[in-house]
Amino acid sequence: MSVNSKRVFNVKYLANPIYIDILKARPDVRLDRIENESPEDVYAPILSAAHVYQIGAARDELAPHFHVDAAFLRRTPNLLLVSSNGAGFDPVDVEACTEAGVLVVNQSGGNAHSVAEHALAMMLTLSKRIIQSDRRLRRERDVNRNELVGNEVEHKTVGIVGLGNVGRRIAALCKGLLGMKVLAYDPYLTAEVMAERGGEKVELDELLRRADFVSISCPLDKKSRNMISTREFALMQPHAYFITTARGFIHDEDALLQALRDKRIAGAGLDVWSKEPPPPEHPLLQLDNVLASPHTAGVTIEARQNMGRIAAEQVLETLDGKRPPRIINPEVWPRYAERFKQAFGVTPG
């Protein structure tokens, strides 16, 4: 293979510089970087020649014309692989990629420890009322600690929606470290698999009714969009907390706001939003029983390095004709394999 014959590009962000270091060690790979503000005469030739797009996982960080949809794919006739920086792939129309014969992969599991720890931190902070205590101390004198009585989490029940890489780690921490009971809803896993991952398989309604903490860690797709709305919040216990480190749009923000105002639930820990970052005037940010972060659950030094490394390794595996381990649209493989052979003269497998 000739020098720089395999074309990879990214827009704006990469998870970690290790990604560049790994790809630069390969003389057959050329890596191009585009900015959101790059003019068309700069980015159009890069798009046209590219085989791989290493794309950011957060939809609001990318200019709309760099989101992967049918129109974008018409401008990238040689594109074979779209690789998300993270576990999510919000800016990618997977169906359009499948139709075009383009493989989509993510880096699932690369930040699982960081996201699970963040979810656990939110649970403890809310349960112990640390966030309310901190805010009152900053704005009031002579705070009465008896007005800030919290709860222990030991022997409480956590309900985890999605028992994948993150969910199973939350289960392990809650069950092993804190002695909690773990319920889990995941329609794609059997009861036996879920038991191996530390959770008791239940339906979503039962989980919502029984859990003291509801933690969302499933992907955003057509089935999960608005999965938690007015009806679901009404099923939760008044003392229960809602935690999400998954994706915005899985829960309905207006419905959550109303549930909190009506005291149908005790509070919420929110790392993901319909608009990221949310504006400071967002109504949920005005509530003292809401703990908020700007989609930073997976943003740690360790997770970013791990994500950058596995992203680079997976891209190189794919360009070398191997089947990558984290495929989002496996049904595209036959069509993708044909296109790969046309591009590089070998059949991947």
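Evaluation of the salt bridge (charged side-chain N to carboxylate O under 4.0 Å, His left out) test over residues 297-310, restricted to residues two or more places apart or in two chains, returns R309-E313. Within the structure, every pair that satisfies the side chain to side chain donor-acceptor pair (under 3.5 Å) test and touches residues 292-301, not counting sequence neighbours, is listed here: S114-T300, H118-S293, R247-H295, D271-S293, E276-H295. Within the structure, ring-ring contact (aromatic ring centres under 6.0 Å, His included) pairs that include any residue of residues 269-294 comprise W273-H282 (at least two apart or interchain).
Electrostatic pairing of R136 and E147 counts as a salt bridge here, judged by a charged N lying under 4.0 Å from a carboxylate O.
Legend: residues meeting side-chain hydrogen bond (donor to acceptor under 3.5 Å, both in side chains) with T98, ordered by chain and number and at least two apart, are N329. With sequence neighbours excluded, the residues forming a salt bridge (Lys or Arg N to Asp or Glu O under 4.0 Å) with D205 are R231, listed by chain and number. Residues passing the side chain to side chain contact (heavy atoms under 4.5 Å, CB included) test with P325 are Q314, E317, sequence neighbours excluded. Scored by the salt bridge (Lys or Arg N to Asp or Glu O under 4.0 Å) test, D262 finds R264 as partners (sequence neighbours excluded). Listed by chain and number, the residues in a salt bridge (Lys or Arg N to Asp or Glu O under 4.0 Å) with D212 amount to none (sequence neighbours excluded). Taking the salt bridge (Lys or Arg N to Asp or Glu O under 4.0 Å) definition, one finds that R138 meets it with D134, sequence neighbours left out. Here D288 pairs with R139 under the side-chain hydrogen bond (donor to acceptor under 3.5 Å, both in side chains) rule; sequence neighbours left out.
A heavy-atom distance below 4.5 Å is found between the side chains of I243 and L126.
Using the six-membered ring where Trp is involved, F242 and F233 have ring planes that are perpendicular, over 60° apart on the 30 and 60° scheme. Below 30°, between 30° and 60°, or above 60°: for F344 and F340 the angle between ring planes is above 60°, a perpendicular geometry.
For the atom pair CZ of F9 and CD1 of I55, the computed distance is 7.5 Å after rounding to the nearest 0.5 Å.
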Identify each donor-acceptor pair in which a side-chain atom of residues 37-45 lies under 3.5 Å from a protein atom, sequence neighbours left out, and give them as a table.
{"residue": "S38", "atom": "OG", "partner": "E35", "partner atom": "N", "Å": "2.9"}
{"residue": "S38", "atom": "OG", "partner": "E35", "partner atom": "O", "Å": "3.2"}
{"residue": "E40", "atom": "OE2", "partner": "R75", "partner atom": "NH2", "Å": "2.6"}

Show every donor-acceptor pair shorter than 3.5 Å between a side-chain atom in residues 171-187 and any protein atom, with sequence neighbours excluded, or say none if there are none.
{"residue": "K181", "atom": "NZ", "partner": "E200", "partner atom": "OE1", "Å": "3.1"}
{"residue": "D186", "atom": "OD1", "partner": "Y188", "partner atom": "N", "Å": "3.1"}
{"residue": "D186", "atom": "OD2", "partner": "L163", "partner atom": "N", "Å": "2.9"}

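Checking Q107 against S83 by side-chain atom types alone, a donor-acceptor pair falls below 3.5 Å. S229 and N226 share no donor-acceptor pair across their side chains, judged by distance under 3.5 Å alone. Side-chain contact annotation: Q132 with N289, donor-acceptor N/O pair under 3.5 Å absent. With no hydrogens or angles considered, a side-chain donor-acceptor pair links H113 and R169 at under 3.5 Å.
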Can you check ring-ring contact (aromatic ring centres under 6.0 Å, His included) on F66 and F72, steps first, answer last?
CA-CA 7 Å; F66 290 131; F72 179 90; 7.0 Å; no

So E61 and Y13, side-chain hydrogen bond (donor to acceptor under 3.5 Å, both in side chains) or not? Walk me through it.
CA-CA 9 Å; E61 290 182 350; Y13 293 124; 5.5 Å; no

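Here the options are L220, T244, T245, the test is side chain to side chain contact (heavy atoms under 4.5 Å, CB included), and the partner is V272; only T244 passes.
The two atoms that bring P219 and I250 nearest to each other are O-CD1, 3.8 Å, heavy atoms only. The two atoms that bring G86 and N106 nearest to each other are O-CB, 3.3 Å, heavy atoms only.
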